[in-house]
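Heads up: the structure comes next, in structure tokens.
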Amino acid sequence: QVQLVESGGGLVQPGGSLRLSCAASEVTLDDYTIGWFRQAPGKEREGVSCIISSDGSTAYADSVKGRFTISRDNAKKTVYLQMNSLKPEDTAVYYCAARKRWLSRLLPLAPKNYNYWGQGTQVTVSS
């Protein structure tokens, strides 16, 4: 069973950047599809980005395309989410999640398709 630990959240001004990390334990990272999700107060959890286990392809929500970049370091068992040009509406708790044995028919940014979740890290974008 994979365990996930997020880090890197914090308070940043609009237009600033943060890099989130998702560290996975005791696994071969590229056996897993890793996704980043976020949940703002009073809102449903939404998919932000993911990197697919089989071929390393990536997906992004329209709201973050061109601003966020996901990457994977298999040796460090860590997936990163580089977030640039941050906006107040990016404020949320960010979670990483994992699934083994990805199926091509699955929607990559749907939370229901992921089995393992971290505890989350708070990102606040405010002046």
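Residue indices begin at 1 and follow the sequence shown. These values consider heavy atoms only, across backbone and side chains, with no hydrogens, waters or symmetry-generated copies.
No more than 12 heavy atoms of other residues, nucleotides or ligands shown are found within 6.0 angstrom of CD on Glu44.
The CG atom of Leu107 sits 6.5 Å away from atom NZ of Lys112, with the distance rounded to the nearest 0.5 Å. In this structure, the separation between CG on Leu86 and CG on Leu18 is 5.5 Å, given to the nearest 0.5 Å. Of the inter-residue distances, the one linking Ser21 atom OG with Lys77 atom NZ reads 15.5 Å to the nearest 0.5 angstrom. Considering OG of Ser49 and CG of Leu20, their distance stands at 11.0 Å, rounded to 0.5 Å. To the nearest 0.5 Å, atoms OG (Ser53) and CH2 (Trp102) are separated by 8.0 Å. Separation of atoms CG (Asp73) and CG (Asp30) is listed at 11.0 Å; rounding is to 0.5 Å.
Two residues are said to be in side-chain contact when any heavy atoms from C-beta on lie closer than 4.5 Å; Ser126 and Pro88 fail this criterion. Using a 4.5 Å heavy-atom threshold, the side chains of Leu11 and Gln122 count as separate.
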Tell me, with the steps shown, if Val48 and Met83 meet side chain to side chain contact (heavy atoms under 4.5 Å, CB included).
-> CA-CA 11 Å; Val48 175; Met83 306 187 297; over 6 Å; no
Report the C-alpha distance between Thr124 and Val12 in whole Å, list the side-chain angles of each, state the deciding distance to 0.1 Å, and finish with yes or no for side chain to side chain contact (heavy atoms under 4.5 Å, CB included).
-> CA-CA 6 Å; Thr124 302; Val12 64; over 6 Å; no
CA sep, side-chain torsions, deciding dist, call: Arg99, Tyr116, side chain to side chain contact (heavy atoms under 4.5 Å, CB included) = CA-CA 7 Å; Arg99 179 189 173 112; Tyr116 306 101; over 6 Å; no
Starting from the C-alpha separation in whole Å, work towards a yes-or-no answer on side chain to side chain contact (heavy atoms under 4.5 Å, CB included) for Ile34 and Leu29.
-> CA-CA 9 Å; Ile34 304 294; Leu29 188 60; 4.1 Å; yes
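Annotation: disulfide (SG to SG under 2.5 Å) contacts involving residues 60-127, sequence neighbours excluded, comprise Cys22-Cys96. Annotation: ring pair (Phe, Tyr, Trp, His ring centres under 6.0 Å) contacts involving residues 15-67, sequence neighbours excluded, comprise Phe37-Tyr114, Phe37-Trp117.
No side-chain donor-acceptor contact under 3.5 Å links Arg38 to the backbone of Ala92. Judged by distance alone, the side chain of Thr121 and the main-chain N or O of Ser7 form no donor-acceptor pair under 3.5 Å. Between the side chain of Glu6 and the backbone N or O of Gly120, at least one donor-acceptor pair lies under 3.5 Å. Using a distance-only test at 3.5 Å, with no hydrogens or angles considered, no donor-acceptor pair links the side chain of Ser63 to the main chain of Ala61. The backbone N or O of Ser17 sits nowhere less than 3.5 Å from a side-chain atom of Asn84 that would complete a donor-acceptor pair. No donor-acceptor pair closer than 3.5 Å links the side chain of Gln3 to the backbone N or O of Ala24.
Hydrophobic clustering (side-chain heavy atoms under 4.5 Å, transitive across Ile, Leu, Val, Met, Phe, Trp, Tyr) keeps Tyr95 apart from Val125. Cluster membership check: Leu81 shares its hydrophobic cluster with Val2, using side-chain heavy-atom separations under 4.5 Å among Ile, Leu, Val, Met, Phe, Trp and Tyr. In the hydrophobic cluster analysis, where Ile, Leu, Val, Met, Phe, Trp and Tyr join through side-chain heavy atoms closer than 4.5 angstrom, Val27 is grouped apart from Tyr80. Val79 and Val64 fall within the same hydrophobic cluster, where Ile, Leu, Val, Met, Phe, Trp and Tyr residues are linked whenever their side-chain heavy atoms come under 4.5 Å apart, directly or through other members.
Residues passing the disulfide bond (SG atoms under 2.5 Å apart) test with Cys50, sequence neighbours excluded: none.
The residues Arg67 and Asp90 are annotated as salt-bridged, a charged nitrogen and a carboxylate oxygen being separated by less than 4.0 angstrom.
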